[in-house]
Visitor: 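Got a structure for you, questions after.
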Amino acid sequence: QVQLVESGGGLVQPGGSLTLSCTASGRIYSSHVIGWFRQAPGQEREFLAAIRFGVGRTYYSDSVKGRFIISKDGAKTVHLQMNSLKSEETGVYYCARANGLETTASQYVAWGQGTQVTVSS
C-alpha cells in the first residue's frame, strides 16, 4: 500500500501563491490517479484537482480551474501550485490515490495526513 505525505503548507496572504507537494513512499503506477482535496473546518472534503500519473491527464474543479496547476515530478511526487489564493480557501489540504479519475473523496483509497494552508492577511 502506497503511503502519501503532503508538505508545503503554511501561511499566505490573499492573492498569494503556494505550492504543495505529495510524495509517495512507494511506486505510483501509471494507472493511478493522485488527487488533491481541501477540508475547511466543519465541512466535507472538497475535490480540487487530479492527475492520472501515467499520461499526465489532469482534471480541475470549477472553483480552482485557471488558478491551480497539478503536475507530477518524477516517479513519486505530485505538486499542486496554487495561485490567487482566497481567504475562504483556508483549510487542511490532502492528497490521495484512486484507481480512476474520480472527484468523490470516498473513491480514493489512500490518504496523506494533510497539510494546513491558511490564507490571511
Visitor: Would you please name every residue forming a side-chain hydrogen bond (donor to acceptor under 3.5 Å, both in side chains) with Asn99, sequence neighbours left out?
Guide: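 So Asn99 forms a side-chain hydrogen bond (donor to acceptor under 3.5 Å, both in side chains) with Arg97.
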Visitor: Which disulfide (SG to SG under 2.5 Å) pairs, counting each pair once, include a residue from residues 16-120, with sequence neighbours left out?
Guide: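 As it turns out, the disulfide (SG to SG under 2.5 Å) pairs with a partner in residues 16-120, which skip direct neighbours, are Cys22-Cys95.
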Visitor: Flag yes if Tyr60 and Leu18 sit in one hydrophobic cluster, no otherwise; membership is Ile, Leu, Val, Met, Phe, Trp, Tyr, and two members link when side-chain heavy atoms are under 4.5 Å apart.
Guide: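 Tyr60 clusters together with Leu18.
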Visitor: Given side chains that start at C-beta, do those of Met82 and Arg67 come closer than 4.5 Å, heavy atoms only?
Guide: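 Result no, sub-4.5 Å side-chain heavy-atom pair not found.
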Visitor: Rounded at 0.5 Å granularity, tell me how far CG in Leu20 sits from CD in Gln81.
Guide: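 Between atom CG of Leu20 and atom CD of Gln81 there are 10.5 Å.
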Visitor: Backbone N or O of Gly54 within a donor-acceptor pair of the Ser30 side chain at under 3.5 Å?
Guide: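 Flag not set: sc Ser30 to bb Gly54 has no pair under 3.5 Å.
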Visitor: Aromatic contact between Phe68 and Trp36, with the criterion being ring centroids under 6.0 Å apart: yes or no?
Guide: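 Distance test on ring centres: not under 6.0 Å, no.
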Visitor: By the disulfide (SG to SG under 2.5 Å) test, which pairs, at least two apart or in different chains, include something from residues 28-83?
Guide: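 Output for this query is empty, none listed.
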Visitor: According to a hydrophobic-cluster definition based on side-chain heavy atoms being under 4.5 Å apart (Ile, Leu, Val, Met, Phe, Trp, Tyr only), do Trp111 and Val117 belong together?
Guide: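 Each belongs to a different hydrophobic cluster.
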Visitor: Please enumerate all residues that pass side-chain hydrogen bond (donor to acceptor under 3.5 Å, both in side chains) together with Tyr108, with sequence neighbours excluded.
Guide: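 Tyr108 satisfies side-chain hydrogen bond (donor to acceptor under 3.5 Å, both in side chains) with no residue once adjacent residues are dropped.
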Visitor: Considering all heavy atoms of both residues, which atom of Val33 and which atom of Ala50 are nearest to each other, and what is their separation?
Guide: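 Nearest pair, atom of Val33 first, then Ala50: CG1-CB, 3.8 Å.
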Visitor: Under 4.5 Å between any side-chain heavy atoms of Val5 and Ser25, yes or no?
Guide: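 No - every pair of side-chain heavy atoms lies 4.5 Å or more apart.
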Visitor: Kindly compute the distance separating NZ (Lys76) from OG (Ser21), expressed to the nearest 0.5 Å.
Guide: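 The distance works out to 15.0 Å.
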Visitor: Which distance, rounded to the nearest 0.5 Å, do you find between the CD1 of Ile69 and the CD1 of Ile51?
Guide: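 It is 11.0 Å, given to the nearest 0.5 Å.
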Visitor: Quick one: list whatever passes side-chain contact (heavy atoms from CB on, under 4.5 Å) with Val2, sequence neighbours left out.
Guide: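 With neighbours one apart ignored, the set is Leu4, Ala24.
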Visitor: Could you tell me which non-hydrogen atom of Arg45 sits nearest to which non-hydrogen atom of Ala105, and how far apart they are?
Guide: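 Heavy atoms of Arg45 and Ala105 come nearest at CB-CB, 4.4 Å.
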Visitor: Is the count of non-hydrogen atoms from other residues, nucleotides or ligands lying under 6.0 Å from Glu88 atom CD greater than 12?
Guide: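 More than 12 within 6.0 Å, yes.
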Visitor: Enter the distance from Lys72:NZ to His79:NE2 here, rounded to the nearest 0.5 Å.
Guide: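 Those atoms lie 12.0 Å apart.
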Visitor: Look only at the side chain of Gln39 and the backbone of Gly91, and say whether a donor-acceptor pair between them is shorter than 3.5 Å.
Guide: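 No, because the side chain of Gln39 does not come within donor-acceptor range (under 3.5 Å) of the backbone of Gly91.
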Visitor: Distance from Phe53 atom CZ to Ile28 atom CD1, nearest 0.5 Å?
Guide: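 Reported to 0.5 Å precision, the distance equals 4.0 Å.
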Visitor: Report the C-alpha distance between Ser61 and Ser63 in whole Å, list the side-chain angles of each, state the deciding distance to 0.1 Å, and finish with yes or no for side-chain hydrogen bond (donor to acceptor under 3.5 Å, both in side chains).
Guide: CA-CA 5 Å; Ser61 69; Ser63 65; 3.0 Å; yes
Visitor: Linking I/L/V/M/F/W/Y whenever any side-chain heavy atoms sit under 4.5 Å apart, do Val64 and Phe47 land together?
Guide: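 Different clusters.
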Visitor: Do side-chain atoms of Gln107 reach the backbone of Thr104 as a donor and acceptor pair under 3.5 angstrom?
Guide: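 Pair absent, no side-chain N/O of Gln107 close to backbone of Thr104.
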Visitor: Determine, using the 4.5 Å side-chain heavy-atom cutoff (strictly less than), whether Val78 and Tyr59 are members of one ILVMFWY cluster.
Guide: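 No, Val78 and Tyr59 fall in different hydrophobic clusters.
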Visitor: Are Ile70 and Tyr93 grouped together when hydrophobic residues (ILVMFWY) are joined by side-chain heavy atoms under 4.5 angstrom apart?
Guide: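 In one cluster with Ile70: Tyr93, yes.
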Visitor: Assess whether side chain to side chain contact (heavy atoms under 4.5 Å, CB included) is satisfied between Leu11 and Ser120, documenting all intermediate values.
Guide: CA-CA 7 Å; Leu11 174 65; Ser120 175; 4.2 Å; yes
Visitor: Which heavy-atom pair separates Pro14 from Ser121 by the least distance, and what is that distance?
Guide: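 That would be CD-N, 3.6 Å.
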Visitor: Nearest 0.5 Å please: distance from the OG1 atom of Thr19 over to the CG atom of Asp73.
Guide: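 Rounded to the nearest 0.5 Å, the OG1-CG separation comes out at 11.0 Å.
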Visitor: Considering residues at least two apart in sequence or located in another chain, which fulfil the side-chain contact (heavy atoms from CB on, under 4.5 Å) criterion with Val92?
Guide: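 Val92 satisfies side-chain contact (heavy atoms from CB on, under 4.5 Å) with Tyr94, Gln116 only.
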